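Counting starts at 1 for both ligands and their atoms, following the listed order. Not measured: the values here are computed from a predicted model.
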Amino acid sequence: MDKKYMAEPYRIKMVESIRQTTKEERIKLLKDAGYNPFSLRSEDVYIDLLTDSGTGAMSQEQWAALMRGDEAYAGSRSFYRLEKVVKAITGYKYFIPAHQGRGAEQIVLPQLVTKKGMYFISNMHFDTTRAHVELAGARAIDCVVDECFNTQEYHPFKGNFDLLRLEQIIQEKGKDNIAGIIMTITNNSAGGQPVSMENLHATKAIADKYGLTVIIDGARYAENAFFVKQREAAYANKSIRAIAKEVFDMADVFLMSAKKDGLANMGGIIAIKEDEALFQLCRTYIVPMEGFPTYGGMSGRDMDALAVGLEEALEEDYLLHRLDQVRYLGDRLRDAGVPIQYPTGGHAVFVDCKVFAPHIPFDQFPAQAVVNEVYLEAGVRPVEIGSFLLGRDPDTNENIESPLELMRLTIPRRTYTYNHLDVVADAVIAVYKRRHDLKGVEFEYEPPVLRHFTARLKPVK
Ligand code: F0G
């Protein structure tokens with residue numbers, strides 16, 4: 001791919017000041033935060049790459065739409081405007097809003113678990129999806145291609161299902177014990193890696209062979225569609241909308257955290273292709289959990305902002321620039337020898353810290369050690385996706401070793417410029433140069449569940 005990167009397809013109309021701290025200040029701030037950047041205040045962060053979720057900038061059209069927001073409990077105009085957009089993009093018959101992605105998951109997934117001992121199979125479950133699978137009394141099985149774990153080797157679609165294993169798992173567990181197949185597009189947890197259209201069709205064929213429900217976890221479905229256009233020859237001349245529609249045609253249910261490719265700061269989507277019984281169940285359960293089915297936890301103005309954001313996220317200039325920003329940061333790091341998940345995916349650059357700091361054992365959390373150093377270096381806040389996040393085995397209470405120790409540099413949408421990304425690259429490269437001196441971290445306080453959010457750590461002596 002060429003080394004040119006598309007300039008911003010927008011100009012800046014409103015700004016939010018960000019502040020650089022001194023190294024001395026950051027040493028103290030990080031110590032006070034228990035060496036866990038989740039506990040930093042965002043005002044003490046110069047460039048915040050913790051997440052791309054709800055952190056993007058809205059357009060003037062979205063801000064204008066906020067004013068149109070109709071704050072009715074039942075049957076607001078905002079709801080009907082959003083419903084129209086969701087139905088047009090997906091081609092599905094039914095739509096229910098939710099407050100965010102996990103809200104959609106908690107309503108739909110339990111409806112598909114009809115008995116004890118069932119499984120969901122996904123290329124890779126996102127953490128909250130896995131949590132809701134388990135809360136619904138089922139088990140989550142990941143089934144991604146092996147190439148996903150070889151960060152240094154190029155593969156255009158590292159998010160793909162391992163089709164042979166998928167069929168093996170279905171046969172082994174029995175088709176009546178499979179609650180559904182979840183297509184996570186893009187595959188967040190291993191690098192925002194796309195899934196090819198060819199692989200989705202093959203997965204759908206397997207689902208059909210065994211009569212299984214297909215669910216799309218499509219927080220970043222528009223970015224996935226753009227990768228299909230860029231990397232799959234047969235789709236080079238198709239529109240993003242047509243590519244996305246072809247994907248929706250393959251599934252029965254679409255769950256979306258609208259905080260990503262909805263270009264909204266808050267929101268979630270449940271869309272159901274045609275299963276009226278499932279729709280009625282979800283409409284019933286959403287009332288006590290998220291809210292009345294025409295707002296599901298969202299305000300009218302948020303639904304209007306989302307209706308506009310969903311359309312904007314399908315624009316090709318926007319998507320090209322978006323993926324180019326990620327590629328730019330990845331190229332700068334690779335050119336300096338920093339090991340990353342290659343090629344870069346849709347929303348973040350994932351640095352392979354097993355290769356970066358091989359001298360730090362997994363239970364001293366190498367990626368967390370690198371995250372902390374990057375904050376100390378330049379006030380940039382990445383996030384760890386590795387053994388620190390994974391937690392302990394519930395049976396043995398031992399730390400589980402993650403197959404990958406990643407530092408995610410997550411890029412919010414339409415928020416930072418290439419200059420900001422240079423600051424990030426320079427910081428990571430500076431840390432890479434002194435990688436041999438990095439030390440691991442150990443617990444000072446370890447919460448019993450979801451420990452990475454609130455744990456306190458200290459550097460190993
Ligand atoms: N599915 C995927 C693939 C996600 O990446 C996320 C959130 C969710 C579901 C849940 O959505 O946050 O709106 O409830 N990912 C964020 C992240 C939190 O930082 O990657 P949510």
How would you list all residue pairs meeting side-chain hydrogen bond (donor to acceptor under 3.5 Å, both in side chains) that involve residues 95-110, not counting sequence neighbours? H99-E290, E105-T128, E105-T129, Q106-E290
From N372 CG over to E377 CD, what is the distance, rounded to the nearest 0.5 angstrom? 13.0 Å
Carboxylate-amine/guanidinium contact E134 R139, below 4.0 Å: no
Shell of residues surrounding ligand 1, defined by a 4.0 angstrom heavy-atom cut-off that is strict: T51, S53, Q100, G101, R102, E105, F126, T128, T184, N188, D217, R220, S257, K259, K260, R408
Y342: which residues meet the ring pair (Phe, Tyr, Trp, His ring centres under 6.0 Å) condition with it, sequence neighbours left out? Y154
Can you confirm whether the side chains of N187 and T184 place a donor and an acceptor under 3.5 Å from each other? no
Donor-acceptor list for residues 38-47 side chains, cut-off 3.5 Å, not counting sequence neighbours:
from : atom 1 : to  : atom 2 : distance (Å)
D44  : OD1    : R19 : NH2    : 3.3

